[in-house]
Amino acid sequence: MAASIQNRQLTNFEPGFNHRSDSPTRNCNYTSFNPSPFKPKSPSHFSSEEDSEEEEQLDNKAFYQTKHDVEPSIYDPRDERTLDSWIKRNPSLIRLTGKHPFNCEPPLARLMQYGFITPTPLHYVRNHGSVPKADWSTWTVEITGLVKHPARFTVDQLVHEFAPVEIPVTLVCAGNRRKEQNMVRQTVGFNWGPGAISTSVWRGVRLCDVLKRCGIMSHKNGALNVCFEGADELSGGGGCKYGTSVRRGVAMDPSRDIMLVYMQNGEALTPDHGFPIRIIIPGFIGGRMVKWLKRIVVTTQESESYYHYKDNRVLPSHIDAELANAEAWWYKPEYIINELNINSVITTPGHDEVLPITSMTTQKPFTMKGYSYSGGGRKVTRVEITLDGGETWRVCSLDHPEKPSKYGKYWCWCFWSLEVEILDLLGSKEVAVRAWDESLNTQPEKLIWNVKGMMNNCWFRVKINICRPNKGEIGMMFEHPIQPGNQSGGWMARQMHMETAESAQSLKKSMSAPFMNTTTKYITFSEVSKHSTRDSAWIVVHDHVYDCTSFLKDHPGGTDSILINAGTDCTEEFDAIHSNKAKELLDMYRIGELVNTGNNGHDESSNDGSVHGKSLLLTINETQNGPVKALANPREKVRCKLVYKKEISHDVRLFRFALPSSDQVLGLPVGKHVFVYATIEGKICMRAYTPTSPPDQVGHFDLVIKIYFKGENPQFPNGGLLSQYLESLPLDSIVDIKGPLGHIEYTGCGNFMIDGKPKFAKQLAMIAGGSGITPVYQMIQAVLRDQPSDTTKMHLVYVNRTEDDILLRDELDQWAALYPDRLKVWYVVGRFNGPKEMWSYSVGRVNESILREHVPIGGSEDTLAFACGPPQMIQSAVVPNLAKMNYDVENSFFVF
């Protein structure tokens, strides 16, 4: 199937030919193509030795010229206000990582509906960031490094100066079937189902031909690896481009059919699939096939890209992410993934499919179906089904739509089927499938967990449950292991929750905990949404409902951290910030399972009697009483645009975000925070930040953020994920925020609401560490802006590693000078590198002596203390020393 199609005219690229009306690239500035055959400058420059052999002329057009009835792609509302808003996408694709970046797979039934070749709009997508905008006429691919003739090729040159190759290739993400691993133990990856696989006919030029044209050097001259680099700007590793590499021998092997591709299924590549040029490496995992290709570098070493090392590895099962980082397991070459492994999946019967047992259905067998694939060009030679847990096996029929390449390679999936008698199915509780390839590789019986959740290829098992589809009828319902993404369903999910419930029930016997039903109670989302107050706070996590009311007062993150999500599905938020210990604790509060009514999250019966719902009435009322608050509903995310970024120091930035409307205020009470959300490497990441702009600022808000760069702190070698992500954002990028969050609110003139209870103070002791200055700064700002009415006196001790780490120092010093009766500021640094006479503040750790000298003594009803900073500083230095100063640390000391 990999036979060359040399001398075939490039009619598919005549202007206006074969571009769908909904193609995202239809308006790109294509150069008009000369439909004459390609004319190589000198075949000896780039033709492989085997090119002289006569090759079978295979026409693959028949595979993709069949018109498929696929609904038009659309501008998806979920892409609004993201950097991908210009791309049309198929609405049926299952999104796996929220809104952005775009990662999806087609529903399994739809994938199988179209057979061998997957329609391009339904092809699975793996993006690590936003899609680069490209222009065919100006795009170039640079070939550099250990080559004698470095070059920069336009796409037109690749099309016209090299022999074209067009072959069908199946692409599979290494994370295919990952959610099964996540049901056993959470990996660091998101929930791929069994649909991370698709097949297209790809057209391009051979990589080995391009490298020969450029005079690639030999092994003895150090040319050991060929590195690929894309154009996408990503946050990983503190900011880099997606890149990876293969060995020189692989890159130059003509039997590998590695291509620089510019067409998919007879059309130009779409943006999500790498327009205008990408790499295709048949038989390898999708993670090696760099999209939006810009550079090919021949080197001695492997690619240095963050994604080459920190992704696409199968580490031993006992290695978690922390140990992998600490012991550098990512860099051990024996764990890298290149070629796909053997795998197979049952697609018919589908999940929750019911087969009625009647006199008619028992007269003929039931046909089971599925797909299988292997890597490295190895042919799948056998697929087997077992109905008795592996005691006996039945051999299936195989359908290989492709023909092998002239080297005997198979680059595509195949399909299997088997007729099974209904009575045999009735006598079984489970059906499982396994496959074999020509090297006699087969699938393991049991799942082998790894921290990246990759290459899962254990037997694919479908449970058989007896059911009653209609009154007086009996039937069999088939249950797949999982459903992709955050969709509920699957026997593995059910089994996991049963085990969790049993564990929690056992724990309940030995400690006081809310009552937990041993039988499942099904709860609608409409009912959940009614429980969103301090008196009754329910949340949904992974389709299970939890009553957290009794835990509000004990939650380490404060009451608001729960109330901000009460009455909603907060699966992503919960997974983003909670440890396994917290997840185990959550199970103590489980009260039931969410039942899907088709409108989860969109209750049509509004409690306020308005067809428009509460949010519209809230907006109307606010409009009448002052500026509209962007944070009108603490349970809804607000989309904000980055409009300004300023470098305050080498690692401190001011970020200004525009609110959705220029006449809005943020609506954040003094002392509270907002959650800032990002999707980093496929996972939701969220952190709480306090704006430094005043609360009545109209149209935007400011965040002053310290960037924790990779490699600067040996205790945190990867640095801060979210701060590095924000640092990498270009202007006009969109981020989501949610709030208000926090248990402390300053209402003015010495008055506070803390955990819902009023407090008052005439003088404040404030201790801040590092970036913990921002909520303290916000409170100081509020007091000083309300002069002379607010007579509160504030004493700030601000702790940092060095003088250069002090945030907002100019503002603090200015305020202290302008309002000496209201604000006293004292700095403490761990070390001072200049002459002693240049530093008039403390050096070392904060201690009792420093606090006694610079903050008021406790014991008075009108004195409160507040702190924000590293937990170790607060627990070991602040709390015990304030206690020595007569502070009631339970009632007059509070941590933001």
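Excluded from the calculations below are hydrogen atoms, water molecules and symmetry mates; all remaining heavy atoms, backbone and side chain alike, are included. Residues: numbered from 1 along the sequence shown.
No side-chain donor-acceptor contact under 3.5 Å links Thr692 and Asp702. Remark: the Asn718 side chain and the Lys310 side chain contain an N/O donor-acceptor pair separated by less than 3.5 Å. Side-chain contact, Asp535 with Thr533: no donor N or O sits under 3.5 Å from an acceptor N or O. Remark: the Thr82 side chain and the Asp84 side chain contain no N/O donor-acceptor pair separated by less than 3.5 Å. Judged by distance alone, the side chains of Thr690 and Gln778 never bring a donor and an acceptor atom under 3.5 Å apart. If you check the side chains of Tyr746 and Asp790, you find a donor sitting under 3.5 Å from an acceptor.
Here the side chain of Lys759 pairs a donor or acceptor atom with the backbone of Asn891 at under 3.5 angstrom. Judged by distance alone, the side chain of Asn881 and the main-chain N or O of Ala877 form a donor-acceptor pair under 3.5 Å. No side-chain donor-acceptor contact under 3.5 Å links Asp786 to the backbone of Ala782. Distance alone, capped at 3.5 Å, places no donor-acceptor pair between the Lys645 side chain and the Pro730 backbone. Here the side chain of Ser693 pairs no donor or acceptor atom with the backbone of Gln697 at under 3.5 angstrom. Listed for the Ser529 side chain is no donor-acceptor partner under 3.5 Å among the backbone atoms of Gly567. Side-chain atoms of Asn800 never come within 3.5 Å of backbone atoms of Thr802 as a donor-acceptor pair (strictly under, hydrogens ignored). Judged by distance alone, the side chain of Lys824 and the main-chain N or O of Pro820 form a donor-acceptor pair under 3.5 Å. A donor-acceptor pair is defined here as one N or O able to donate and one able to accept, closer than 3.5 Å; no such pair exists between the side chain of Gln875 and the backbone of Pro871. Panel note: side chain Ser723, backbone Tyr708; a donor-acceptor pair is recorded below 3.5 Å.
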For Tyr689 and Phe701, what are the C-alpha separation, side-chain angles and deciding distance, and is it a ring-ring contact (aromatic ring centres under 6.0 Å, His included)?
CA-CA 12 Å; Tyr689 292 107; Phe701 67 94; over 10 Å; no

For Glu80 and Arg639, run salt bridge (charged side-chain N to carboxylate O under 4.0 Å, His left out): C-alpha distance rounded to whole Å, both residues' side-chain angles, the deciding distance at 0.1 Å, then the answer.
CA-CA 10 Å; Glu80 289 180 2; Arg639 317 225 65 189; over 6 Å; no

Candidate pair Arg653 and Glu727, rule salt bridge (charged side-chain N to carboxylate O under 4.0 Å, His left out), full reasoning:
CA-CA 8 Å; Arg653 307 289 183 266; Glu727 167 72 356; 2.9 Å; yes

When you look at Arg95 and Asp79, which way does the salt bridge (charged side-chain N to carboxylate O under 4.0 Å, His left out) test go after all the steps?
CA-CA 11 Å; Arg95 297 204 175 203; Asp79 291 327; 2.9 Å; yes

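Ion pair Asp76/Arg78 flagged as a salt bridge, since at least one NZ, NE, NH1 or NH2 atom sits closer than 4.0 Å to an Asp/Glu carboxylate oxygen.
Aromatic ring pairs are classed by plane angle as parallel below 30°, tilted from 30° to 60° and perpendicular above 60°; the pair Phe675 and Tyr677 is perpendicular.
Atom CD of Gln787 has more than 12 heavy atoms from other residues, nucleotides or ligands within 6.0 Å. Counted within 6.0 Å of NZ on Lys793, heavy atoms from surrounding residues, nucleotides or ligands total 12 or fewer; the atom is thus considered open. Atom CZ of Arg845 has 12 or fewer neighbouring heavy atoms from other residues, nucleotides or ligands inside a 6.0 Å radius. Counting heavy atoms of neighbouring residues, nucleotides and ligands inside a 6.0 Å radius, atom CZ of Arg852 exceeds 12 of them.
Here the straight-line distance linking atom CG of Asp862 with atom OG of Ser892 works out to 11.0 Å at 0.5 Å rounding.
Side-chain contact between Pro660 and Arg81 is present, with heavy atoms from C-beta onward closer than 4.5 Å. Side-chain atoms of Met779 and Met794, non-hydrogen and from C-beta on, never get closer than 4.5 Å to each other. Looking only at side-chain heavy atoms (C-beta outward), Asn833 and Asp804 stay at 4.5 Å or farther from each other. The closest side-chain heavy-atom distance from Leu796 to Val776 is below 4.5 Å.
Taking every heavy atom of both residues into account, Gly770 and Leu807 meet most closely at O-CD1, 4.3 Å.
Checked against the 6.0 Å centroid criterion, the rings of Tyr841 and Tyr827 qualify as a close aromatic pair. Within the 6.0 Å centre-distance limit, the rings of Tyr307 and His128 are counted as a close aromatic pair. Ring pair Trp815/Tyr777: centre-to-centre distance below 6.0 Å.
When each of Val698, Ile737, Val638, Asp696 is tested with Leu666 by the rule side chain to side chain contact (heavy atoms under 4.5 Å, CB included), just one qualifies, namely Ile737.
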